[in-house]
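These notes concern the structure reproduced below.
Letters A, B, ... are given to chains in the order of the sequence lines, protein chains preceding strands, and every chain is numbered from 1.
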Number of protein chains: 2
Amino acid sequence: MTTRRVTLADVARRAGLSSSAASMILNGRPDTRLSNDAHDRVHRAAAELGYRPNVAARSLRVDKTQTIGFISDTVASTRFASGLIKGALAAAEQAEHVILLAETGGDPARETEAIAALLDRQVDGIVFATMRSREVVAPVLPDNTRLVLLNATSDSHSTSVLPDEKRGGRAAVSLLADAGHREGIVLLGHNQEIERDVFRSTTVARRLAGIRAEMQDRGLTFEREESIWEWAPQQGFTAVESLLAEPLLPRALLCLNDPLAFGAYQALTERGLRVPDDVSIVSFDNDEIASYLRPGLTTIALPHEGMGARAVELLLDGTAPHGEHLVEMPVIVRASIRQV
Amino acid sequence: MTTRRVTLADVARRAGLSSSAASMILNGRPDTRLSNDAHDRVHRAAAELGYRPNVAARSLRVDKTQTIGFISDTVASTRFASGLIKGALAAAEQAEHVILLAETGGDPARETEAIAALLDRQVDGIVFATMRSREVVAPVLPDNTRLVLLNATSDSHSTSVLPDEKRGGRAAVSLLADAGHREGIVLLGHNQEIERDVFRSTTVARRLAGIRAEMQDRGLTFEREESIWEWAPQQGFTAVESLLAEPLLPRALLCLNDPLAFGAYQALTERGLRVPDDVSIVSFDNDEIASYLRPGLTTIALPHEGMGARAVELLLDGTAPHGEHLVEMPVIVRASIRQV
DNA sequence: GATAAATGCTAAATCAATTCAGCACCCAGC
DNA sequence: GCTGGGTGCTGAATTGATTTAGCATTTATC
């Protein structure tokens with residue numbers, strides 16, 4: 001008892017018209033001279049039969065599939081990745097598009113395969129996302145397939161969506177400065193390599209540039225800069241542990257991401273010090289842990305969902321200019337900064 | 001200078017054959033009597049031109065798109081969701097399939113829309129995933145579209161993939177018992193409603209059943225059971241705080257998920273108590289925070305990626321039996337249990 | 001040497017849509 | 001009465017693959 005799918009021909013038959021007419025009416029073609037009566041009959045028939053067009057058949061004719069490819073180096077592990085996807089899904093749903101997902105693990109071979117697999121399915125465009133925001137070689141696509149880089153940059157002819165790290169960096173410093181911090185501010189996670197090497201991470205370089213610009217504008221300097229390679233809790237912990245071995249205690253910690261701040265909390269707590277009474281902390285990303293910590297961690301959020309949505313919107317827009325589109329990083333104020 | 005995609009006809013022309021022949025050869029049809037020479041020519045032509053079949057055209061003819069729909073109520077927020085997706089992607093890639101992703105937010109209207117959108121694109125099957133593992137009403141699909149429920153159950157005629165919570169529950173108790181804990185074991189997160197109401201969460205009910213079964217088998221009883229509705233750090237914190245106000249200290253905490261354990265750590269640390277020297281802790285899920293904590297949290301992991309992969313494998317297998325397919329929950333031993 | 005069977009391949013239909021050229025009808029105008 | 005133009009619609013081609021029926025050859029069989 002296989003119930004065949006309703007086709008356009010079925011609709012046309014029931015409306016007593018040709019499928020040409022039915023097609024034109026359902027697609028709302030403008031200059032067609034079909035009668036109002038015909039319109040009514042077709043729409044009624046389509047509704048009664050529950051007609052849904054076959055996307056494969058349509059896309060064979062016109063070159064549109066209402067489908068977007070989303071290629072990412074990583075889909076799991078961080079909330080960032082899934083946030084981007086969630087945002088993309090939401091924007092796609094708005095525009096009645098659907099998302100084909102592929103993961104590459106950063107492997108160029110899998111990347112090529114993923115792109116081919118998506119092109120085989122005639123996607124209208126591809127969002128190419130990286131978790132470690134960096135400069136990438138934009139894949140070459142056929143002229144009718146648009147490309148938007150997400151959390152990545154490339155040559156100037158491409159469109160990319162990035163967090164507004166520079167302003168985010170400035171915001172973090174402003175939070176501390178506005179709270180009255182002038183002395184004993186320590187930077188945690190600073191890394192000279194990253195600061196220079198654009199290929200490894202563009203956005204972190206900008207984050208640091210924003211931080212330094214705002215410090216300078218306010219006439220402030222860091223008491224110390226702790227260079228850390230891997231920005232994980234364990235590293236934050238040991239860095240702050242050694243910091244606390246010094247005679248002069250820091251008054252404020254500017255951590256370059258939340259896991260570092262997490263490690264800092266642990267080191268402080270184990271020393272019997274309190275956040276923010278003894279040391280203020282501000283950080284970046286707004287990971288889940290930021291809300292878990294006691295007291296809550298004040299942090300400059302990565303706007304994942306906004307970025308994902310923006311990328312899809314740009315892809316579908318078509319008229320949007322090339323270049324970088326920056327998404328604002330929201331300031332999430334919790335309770336880790338003390339008014340001095 | 002639009003470079004048209006290479007079609008089967010192009011390959012056939014270059015090989016000096018009809019497209020029928022080219023099609024049969026490239027698809028490796030068995031009983032065809034085409035010459036070895038023809039085989040060579042077609043394969044060479046395809047390789048030289050970089051031919052890739054047009055999936056839309058093919059799926060119009062045969063009813064297969066090499067595409068799987070993945071519908072989830074949530075894609076972001078938890079590592080669990082993205083882990084399932086990652087696993088599904090990996091298995092799909094193995095089988096040269098691609099995944100169409102849709103999010104419903106648990107809203108039945110969006111659910112219907114998502115299913116329709118996927119069916120319009122002729123997906124070969126749908127993985128229907130829930131984050132809050134529970135009993136769902138399985139969507140009705142056409143006979144040629146297979147369905148696998150992921151982290152969800154439904155009537156017996158459907159196929160579903162679930163974590164083996166019962167054994168996981170037993171494993172958690174075994175860890176404590178084997179370490180020598182016999183007294184002062186407290187259950188954190190127990191909830192009578194959940195334990196009874198299968199519709200709200202099947203797997204948590206099983207987790208508890210496994211725990212109770214193992215306790216009984218070993219002749220152990222809980223010193224106390226703290227009923228908590230929302231399993232978040234804040235709730236874990238206050239529960240343990242009040243626990244510590246009692247004269248008799250608990251010796252081991254069995255937390256029903258990691259965020260609760262996280263809150264427990266915080267409450268213990270603020271009281272100057274040490275994990276595991278003063279109190280042992282074991283938990284469930286293996287969230288990211290489990291490795292962040294000091295000392296590392298021993299926990300029974302939710303096998304997200306394995307589950308996601310299993311679901312896709314079952315979908316593609318076709319011969320797999322209906323019913324529940326349980327995926328083992330790995331025991332992640334860190335340092336939160338003391339040998340007594 | 002005629003017939004049958006095997007070999008190697010092709011033409012045309014098919015899938016479900018879109019789209020272009022054009023058919024039949026009616027009315028107006030000369 | 002015949003042309004011209006507008007109206008309302010349809011037929012057939014098209015998209016890129018798969019698949020069935022069947023057409024020429026060649027080879028084997030008696």
Side-chain angles (χ1 to χ4, degrees), chain A residues 2-43 45-46 49-67 119-122 124 142 144, chain B residues 2-42 45-46 49-67 119-124 142 144:
Chain A
T2 317
T3 41
R4 210 175 40 80
R5 235 181 113 96
V6 176
T7 71
L8 183 62
D10 298 330
V11 173
R13 201 170 306 118
R14 173 176 263 249
L17 287 168
S18 70
S19 36
S20 327
S23 169
M24 290 163 142
I25 289 172
L26 289 176
N27 288 316
R29 276 288 215 81
D31 291 329
T32 187
R33 297 171 312 228
L34 294 157
S35 64
N36 286 331
D37 186 46
H39 275 80
D40 288 350
R41 266 149 50 214
V42 168
H43 280 124
L49 297 174
Y51 169 71
R52 306 251 342 177
N54 180 326
V55 175
R58 168 183 289 160
S59 74
L60 196 56
R61 200 58 241 270
V62 305
D63 218 21
K64 293 261 169 276
T65 48
Q66 308 267 97
T67 304
L119 290 179
D120 289 350
R121 286 161 184 83
Q122 317 283 123
D124 297 343
N144 62 342
Chain B
T2 317
T3 41
R4 210 173 42 80
R5 234 181 114 94
V6 176
T7 71
L8 182 63
D10 297 330
V11 174
R13 201 170 306 121
R14 173 174 261 248
L17 286 168
S18 68
S19 35
S20 324
S23 169
M24 291 162 140
I25 289 172
L26 289 176
N27 288 316
R29 275 290 214 82
D31 291 329
T32 188
R33 298 169 310 225
L34 294 156
S35 65
N36 287 332
D37 185 46
H39 275 80
D40 289 350
R41 266 150 48 216
V42 168
L49 296 174
Y51 169 71
R52 307 250 343 176
N54 181 326
V55 175
R58 168 182 289 162
S59 73
L60 196 56
R61 198 62 239 267
V62 306
D63 217 20
K64 293 259 169 278
T65 48
Q66 307 265 100
T67 304
L119 290 179
D120 289 350
R121 287 160 183 84
Q122 317 285 122
V123 292
D124 297 343
N144 62 340

(request) Would you mind telling me which residue lines up with the more 5' stretch of DNA chain C, Ala21(B) or Ala57(B), judged by nearest nucleotide? (result) Ala21(B)
(request) For Asp37(B) and dG8(C), give me the distance from atom CG to atom P, rounded to whole Å. (result) 11 Å
(request) May I ask you to test the Arg58(A)-Asn27(A) pair for a side-chain heavy-atom distance under 4.5 Å? (result) yes
(request) Could you tell me whether Ala56(B) contacts a base, only the sugar-phosphate backbone, or nothing, with contacts defined as non-hydrogen atoms closer than 4.0 Å? (result) nothing
(request) Have a look at Arg33(A) and say if it touches a base, only the backbone sugar-phosphate, or nothing, with a 4.0 Å heavy-atom cut-off. (result) base
(message) Would you say Ser18(A) places a side-chain N or O within less than 4.0 Å of OP1 or OP2 belonging to dC9(D)?
(response) no
(message) Is there a side-chain contact between Ser35(B) and the phosphate of dC9(C), meaning an N or O under 4.0 Å from OP1 or OP2?
(response) yes
(request) Starting at atom CG of Leu60(B), determine the distance to atom P of dT18(D), rounded to an integer number of angstrom. (result) 12 Å
(request) Measure distances between side-chain N and O atoms of Arg61(A) and base N and O atoms of dT15(D), and say whether any donor-acceptor pair falls under 3.5 Å. (result) no
(request) Nearest whole angstrom, please: distance from the P of dG16(D) to the CG of Asn54(A). (result) 16 Å
(request) State, without any angle test, whether Thr67(B) and Arg121(A) hold a side-chain donor-acceptor pair at a distance under 3.5 Å. (result) yes
(message) Rounded to whole Å, how long is the line connecting atom CG of Leu49(A) with atom P of dA16(C)?
(response) 15 Å
(message) If we check side chain to side chain contact (heavy atoms under 4.5 Å, CB included) with Val42(A), which of these qualifies: Leu34(A), Asp37(A), Ile25(A)?
(response) Ile25(A)
(request) Record whether the side chain of Ser20(B) comes under 3.5 Å of the base of dA11(C) through a donor-acceptor pair of N or O atoms. (result) yes
(message) Would you say that Asp120(A) contacts Asn54(B) through its side chain, given a criterion of any heavy-atom pair below 4.5 Å between the two side chains?
(response) no
(request) Would you mind reading off the distance between Asn27(A) atom CG and dT18(C) atom P, rounded to a whole angstrom? (result) 4 Å
(message) Can you see if the side chain of Arg29(A) gets near the phosphate of dT19(C) - specifically, an N or O under 4.0 Å from OP1 or OP2?
(response) yes
(request) Give one of base, sugar-phosphate or nothing for Thr7(A), where a contact means two heavy atoms less than 4.0 Å apart. (result) sugar-phosphate
(request) Report the distance from atom CG of Asp63(A) to atom C1' of dA17(C), rounded to the nearest whole Å. (result) 14 Å
(message) Using whole Å, what does the distance between atom C1' of nucleotide dT19(C) and atom CE of Met24(A) come to?
(response) 7 Å
(message) Is there a side-chain contact between Arg5(A) and Gln122(B) in this structure, where contact means two heavy atoms from C-beta onward sitting under 4.5 Å apart?
(response) yes
(message) Distance check needed: dT18(D) P versus Leu8(B) CG, whole Å only.
(response) 6 Å
(request) Output yes when at least one side-chain N/O atom of Arg58(A) is less than 4.0 Å from OP1 or OP2 of dT18(C), else no. (result) yes
